Amino acid sequence: MQNRREFIKTGLVGAGALTTSNLFAFNGQPNDKVVLGIMGTNSRGAFLTKTFAAIPNVEIGYICDPDATVLAKTIAQVEKMTGKKPQGFSDIRKMLEKKDFDGMAIAAPDHWHAPAAIMGLQAGKHVYVEKPCSHNPREGELLVEATNKYKKLVQMGSQRRTFSNVKDMIAKLHGGAIGRVYFARGWYVNNRKSIGKGAVTAVPQNLDFDLWQGPAPRRDYKDNLVHYNWHWFWNWGTGEALNNGTHELDVIRWGLNVDYPTQVVSAGGRFHFQDDWETPDTQTITYNFPNNTACTWEGRSCNGYNSEDSARGVIFYGDKGTIVYPGANSYQIFDGANKLVSEVKDDTPFDATNTVSPLEKLDGLHLVNFVEAIREKEKINAPILEGHKSTLLPQLGNIAYRVGRALKCDPANGHILNDKEATKLWSRDYAKGWDVVV
């Protein structure tokens, strides 16, 4: 198996490198073969499919998507890349009846993440689930419970947990490079356009909208919903805070060495356009933690003015200096007098506003880690308990935003204290027959 450095150098995730001749240049044992099924392959899922297929001795055995056009396209791409045609399904339940694959990757809309992951675990599969790992906090708890019950691996798409320089940065942070770290600031900006006012219309013939909605309560099909704008509707999506803020908040939580907050405050709104977009396009969330630390995250979906010359990133503030992490695999350390004392650079191409994969080559290493963990050669870098904790932070921010007040939380598990209205948003209702049961 190529190591990570070789994986980057050869650029197996680049479109030009995806040929049968180099896909299976594998020097390990035949029983190291890993067969995967992929659920949701229109955008991020297409990237996952391509990248997993480029890892030596990984076979894409099954593809699942309720859009027949997307399904056919992905199957054809995999066949062209590998010479082997995967079997296609529109219904994840049918795919999971197959016994001859090892793991599944989930890149369907957010409302599918935890339910599909739990179904995969129950079918005996290891699971790679894109962030956020759940649509609501209770689903995250259920996913952790299912992981422990069914004894399979679950890796969340917190790719920065695999980035070499980010791991080095966190080690230096914990080692006292800027003294006691007590505050962090994260941000994400983009320049998204209006989604307009959608019309209720007939579902396209290529889309099984009932399967697309799956566990979510049924809503009418609108012509501005599929395939991306569902992110901004509470019934299926989770807004920018979980669509992107999960990444920064994961790094922040890692750096501050915290689990659950004691208080969460959020403010914002849909300010830029008057359209169907329900979640905030501008949002700040502030957290306090029991170890006398705090952090804030700022999201601006419709104003792309960078902070620290980057569209996303994190700054850690300590009593002896500052670390600036601009979202990729580089960072700077400043002393207490704001003098640059250390800089680690990585020239891997980085497009912070790319909605598919801002860091393709580095993202690929996170997928390699998942495969190597299935082979029992590595430990997963983003286990689901850590994924749940990092997903819970922006979920609590959205709940605070929706009820319009600060939340007091139990630092042992993040549960909301003494607020019945907010606690109702801890979980959700499901469509008939789709209840999530561990």
Side-chain angles (χ1 to χ4, degrees), residues 2-14 17 44 47-48 50-52 54-55 128 130-131 155-175 177-178 181 184-190 243-257 295 297 306-316 321-334 340-373 378-382 386-387 390:
Q2 293 175 307
N3 63 30
R4 292 182 175 84
R5 188 174 299 276
E6 289 170 338
F7 188 87
I8 293 177
K9 286 181 178 179
T10 55
L12 287 177
V13 296
R44 179 67 179 179
F47 167 77
L48 294 184
K50 178 183 72 173
T51 308
F52 274 125
I55 300 173
Y128 181 98
E130 279 296 348
K131 56 78 205 156
Q155 168 115 303
M156 190 174 90
S158 299
Q159 296 87 358
R160 285 150 187 81
R161 295 262 175 171
T162 296
F163 293 2
S164 58
N165 291 339
V166 177
K167 291 193 288 186
D168 177 68
M169 176 189 75
I170 296 296
K172 289 179 179 176
L173 194 68
H174 291 170
I178 58 173
V181 186
R185 178 174 71 88
W187 69 92
Y188 175 83
V189 304
N190 206 328
N243 185 39
N244 277 293
T246 309
H247 287 305
E248 280 70 49
L249 287 164
D250 182 61
V251 173
I252 286 172
R253 196 179 62 75
W254 190 13
L256 293 180
N257 200 22
C295 74
W297 177 82
N306 287 349
S307 180
E308 303 293 331
D309 295 322
S310 180
R312 68 187 317 159
V314 172
I315 301 178
F316 292 100
T322 305
I323 288 182
V324 178
Y325 167 59
N329 200 32
S330 304
Y331 65 92
Q332 298 173 311
I333 302 178
F334 297 84
L340 180 65
V341 296
S342 178
E343 183 170 16
V344 176
K345 291 185 177 182
D346 186 324
D347 60 0
T348 302
F350 176 46
D351 177 5
T353 61
N354 184 317
T355 60
V356 176
S357 179
L359 287 153
E360 285 196 2
K361 292 184 179 180
L362 290 172
D363 281 3
L365 301 182
H366 200 55
L367 307 189
V368 171
N369 173 244
F370 175 63
V371 170
E372 289 295 85
E378 295 182 7
K379 292 183 177 180
I380 53 175
N381 291 333
E386 298 303 315
S390 295

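Reckoned from all heavy atoms, side chains included, excluding hydrogens, waters and symmetry mates. Please read all numbers here as calculations on a predicted model, not as lab measurements.
Taking all atoms of both residues into account, the shortest heavy-atom contact from Ala382 to Arg161 is CB-CG, 4.2 Å. Here the shortest heavy-atom pairing between Leu249 and Cys295 reads CD2-SG, 4.3 Å. Closest of all the heavy-atom pairs between Ile380 and Ala373 is CG2-CB, 3.3 Å. Closest approach of Ile178 to Phe334, counting heavy atoms only: CG2-O, 4.0 Å. Of all heavy-atom pairs between Asp250 and Ser158, the closest is OD2-CB, 3.6 Å. Closest approach of Trp187 to Val314, counting heavy atoms only: CZ3-N, 3.6 Å.
Within the 3.5 Å criterion, the main-chain N or O of Ser330 finds no donor-acceptor partner in the side chain of Asn165. Between the His174 side chain and the Trp254 main chain, a donor and an acceptor come within less than 3.5 Å of each other. Side chain of Asn244 to main chain of Tyr188: no donor-acceptor pair is present (N/O by atom type, distance under 3.5 Å, no hydrogens or angles).
Considering OH of Tyr325 and CG of Leu173, their distance stands at 13.0 Å, rounded to 0.5 Å. To the nearest 0.5 Å, atom CD of residue Gln159 and atom CG of residue Asn369 are 11.5 Å apart. Taking CG of Asn190 as the reference point, atom CZ of Arg312 lies at 9.5 Å (rounded to 0.5 Å). Taking OG1 from Thr322 and CG from Leu340, the interatomic distance works out to 11.5 Å, rounded to the nearest 0.5 Å. For the atom pair Glu130 CD and Met156 CE, the distance stands at 9.0 Å (nearest 0.5 Å). For the atom pair OG of Ser390 and CZ of Arg160, the computed distance is 12.0 Å after rounding to the nearest 0.5 Å.
When side chains are defined from C-beta on, His247 does not count as touching Val251, because their heavy atoms never get closer than 4.5 Å. Between Phe163 and Asp346, every side-chain heavy-atom pair lies at or beyond the 4.5 Å cut-off.
Applying the side-chain contact (heavy atoms from CB on, under 4.5 Å) criterion to Asp168, with sequence neighbours excluded, gives Lys172, Tyr331.
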Worked check of side chain to side chain contact (heavy atoms under 4.5 Å, CB included) between Arg185 and Glu308: CA-CA 11 Å; Arg185 178 174 71 88; Glu308 303 293 331; 4.0 Å; yes
